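Take a look at the structure set out below.
Labels below follow one simple rule: chain letters A, B, ... track the order of the sequence lines, proteins then strands, and each chain is numbered from 1. All figures in this text were calculated on a predicted structure; none of them were measured in a lab.
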2 protein chains.
Amino acid sequence: MGTTQLETVQEPKYWHLKTVLAEALDTDFTVGEILPNERDLAARFGVARATLRQALEQLELEGRLQRRRGVGTTVAPPRVGVDVTTSRQDWPGTGHDAWQAAECTVAVPSAAVARLLDTEADEEVHTVRRLRVNHGQPVAAELLYVPSSSVPDLPAIEAPSGPALARSVLRELQRLDLEGQDRAVELGSAGAVDARELDRLPGAPVLVVTTRYFSEGRTAAVSVATYRADTCRLTFGDTGDVEISHEGQQRRAS
Amino acid sequence: MGTTQLETVQEPKYWHLKTVLAEALDTDFTVGEILPNERDLAARFGVARATLRQALEQLELEGRLQRRRGVGTTVAPPRVGVDVTTSRQDWPGTGHDAWQAAECTVAVPSAAVARLLDTEADEEVHTVRRLRVNHGQPVAAELLYVPSSSVPDLPAIEAPSGPALARSVLRELQRLDLEGQDRAVELGSAGAVDARELDRLPGAPVLVVTTRYFSEGRTAAVSVATYRADTCRLTFGDTGDVEISHEGQQRRAS
DNA sequence: GAGTGGTCTAGACCACGTC
DNA sequence: ACGTGGTCTAGACCACTCC
């Protein structure tokens, strides 16, 4: 029978470490509790700090840990379900949703957004910046692009800037009737600006939700929202308050 | 006026590197082209290999690079849009979709899944494993959980195992009428099994799509699908063939 | 066997939050 | 000032692919 394939197929240390830590988190720690610092943990497990950090990074990616420079590593609460559906006939900003602190400028969007909007490459559009807050924590930063043609009745004279303009744009938008929207979700990493607003470091993983709003047979607006991937679970429907634990991410062969 | 805040706010090396590389990718490389190896690149930029790797990891996370051990680093094609909507009245497995190679066992699901299914903690359910293939590449691995009560007419005698059973379960499922579904998307990391099927290393970032299928006022099935986060953009609607480039991920202050 | 990316080490220094 | 996590280095060895 030649060599017996040991089950010890050379599992990387950091992977094993991650598993051990994950179990420890379930049994010995409570949400919010702070872990020993990285140097101590590394020593305790007999590995280099870099190796330990690789395990911690994974756990943070999976939303189980939260690390803050100068503070420490804490056990993260379960991800919050964030509803990403705008009940079919609602423009963004309608009703009681948790978007706030709008800002607005007029600028030329990136080529990618211009393509989605179907505008000229150098055409300026209204660009509304908003922050979505949940339980007091920022969960998403959004950039909403609105071509002038979608809001023709905007008071052109003495265009207010900043929050006032933002509100005007949103108000005008809501006068159009929304015929539909489509959405895409992909993984990205936070740019410097988003990172600051989301209280994360640049490069932090985010879920980028791109939405096109259709009205009168054309694309009336495009929204690019970046959600904190560590703390958010995007929901489409009414799963928002259902608890989905971490177990689903690690499975064994059947 | 005190100190003038230099714009050189101590941007990390790997971050700057990433930016430089990203530009190089846009201008000097074509999709599929292989980059110089990591040792050469590191030397060329005058940084340690670990630092270079940090930059490459980011770019891979953003879907711009593809790295394979023993082979090299290549420029990745744009992410493929993968439609995640099952046209409202379709059970999974219906029609011409790209799922294949079904496998099926009977097992006790994780506590999290049992909760979603609303079954007893130790109740066995049919567990169908499928792979979703797109353009010849595996893009997602799914585990579909179906309580026996959802498929009462399954031929109990001499239960076929494997693919045959899987097909039977799916066929029976499709006889129920689907009343609705809800979906959640979150970031996860691939377990050992999923990683192998998706042709990635364990720990690779994945988008976990959890779907509940409702029929006759109850949860008839639950699907947990893990999509390769590096190569996929999940679409909800008909954005599938629209090109969304990488520019949307990096933005500057307005 | 040669060459690639993946893992790991043992250090150093920096940026940040807190006291 | 101190302790934390974040960045960076210069090596070493391993696992994998391809020839």
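- One interatomic measurement links the two molecules: CZ of A/R68 to C1' of D/dG5, which rounds to 12 Å at whole-angstrom precision.
- Distance CG (B/D40) to P (C/dG3): 11 Å, rounded to an integer number of Å.
- Put simply, B/T51 has no side-chain N or O that comes within less than 4.0 Å of OP1 or OP2 on D/dT7.
- Contact annotation: B/N37 side-chain N/O to C/dT4 OP1/OP2 distance is under 4.0 Å.
- The local environment of CZ in B/R68 is sparse, with at most 12 non-hydrogen atoms from other residues, nucleotides or ligands closer than 6.0 Å.
- With hydrogens and angles ignored, a donor-acceptor pair under 3.5 angstrom links the side chain of B/R49 to the base of C/dG6.
- The side chain of B/A48 lies closest to D/dT9, out of C/dT9, D/dT9, C/dG6.
- Note on B/D194 versus B/R129: salt bridge recorded, some NZ/NE/NH1/NH2 to OD/OE distance being below 4.0 Å.
- Rounded to an integer number of Å, the gap from CZ of A/R39 to C1' of D/dG3 is 8 Å.
- For D/dG5, the OP1/OP2 oxygens have a side-chain nitrogen or oxygen of A/T73 closer than 4.0 Å.
- Spacing between atom CD of A/Q54 and atom C1' of D/dT7 amounts to 15 Å, rounded to whole angstrom units.
- Looking at heavy-atom distances under 4.0 Å, A/L56 makes no contact with the nucleic acid at all.
- Nearest nucleotide to the B/A50 side chain, out of D/dT7, D/dT9, C/dT7: D/dT9.
- Heavy-atom nearest nucleotides on DNA chain C were determined for A/P12 and for A/G70, and the one closer to the 5' end corresponds to A/P12.
- In this structure, CD of B/E38 is placed 14 Å from C1' of D/dA15, rounded to the nearest angstrom.
- Of the candidate nucleotides C/dT9, C/dG6, D/dT9, D/dT9 has the atom nearest to the side chain of B/V47.
- Atom CH2 in A/W15 sits 15.5 Å away from atom OG1 in A/T51 (nearest 0.5 Å).
- If you check distances only, the side chain of B/R69 never reaches the base of C/dG3 with a donor-acceptor pair under 3.5 Å.
- Residue B/R67 has a polar side-chain atom (N or O) positioned under 4.0 Å from OP1 or OP2 of C/dG6.
- Phosphate proximity of C/dT9 to A/K13: present, with a side-chain N or O under 4.0 Å from OP1 or OP2.
- When rounded to the nearest whole Å, the span between CD of B/Q58 and P of D/dC8 equals 12 Å.
- In this structure, the OH atom of B/Y14 is 13 Å from the C1' atom of C/dA15, given to the nearest Å.
- The aromatic rings of A/W99 and A/Y227 lie perpendicular to each other, with more than 60° between the two planes, well past the 30° mark.
- For A/R200 (side chain) and A/P205 (main-chain N/O), no donor-acceptor pair under 3.5 Å exists by modelled atom type.
- The CG-P distance, from A/L52 to C/dC8, rounds to 12 Å in whole Å.
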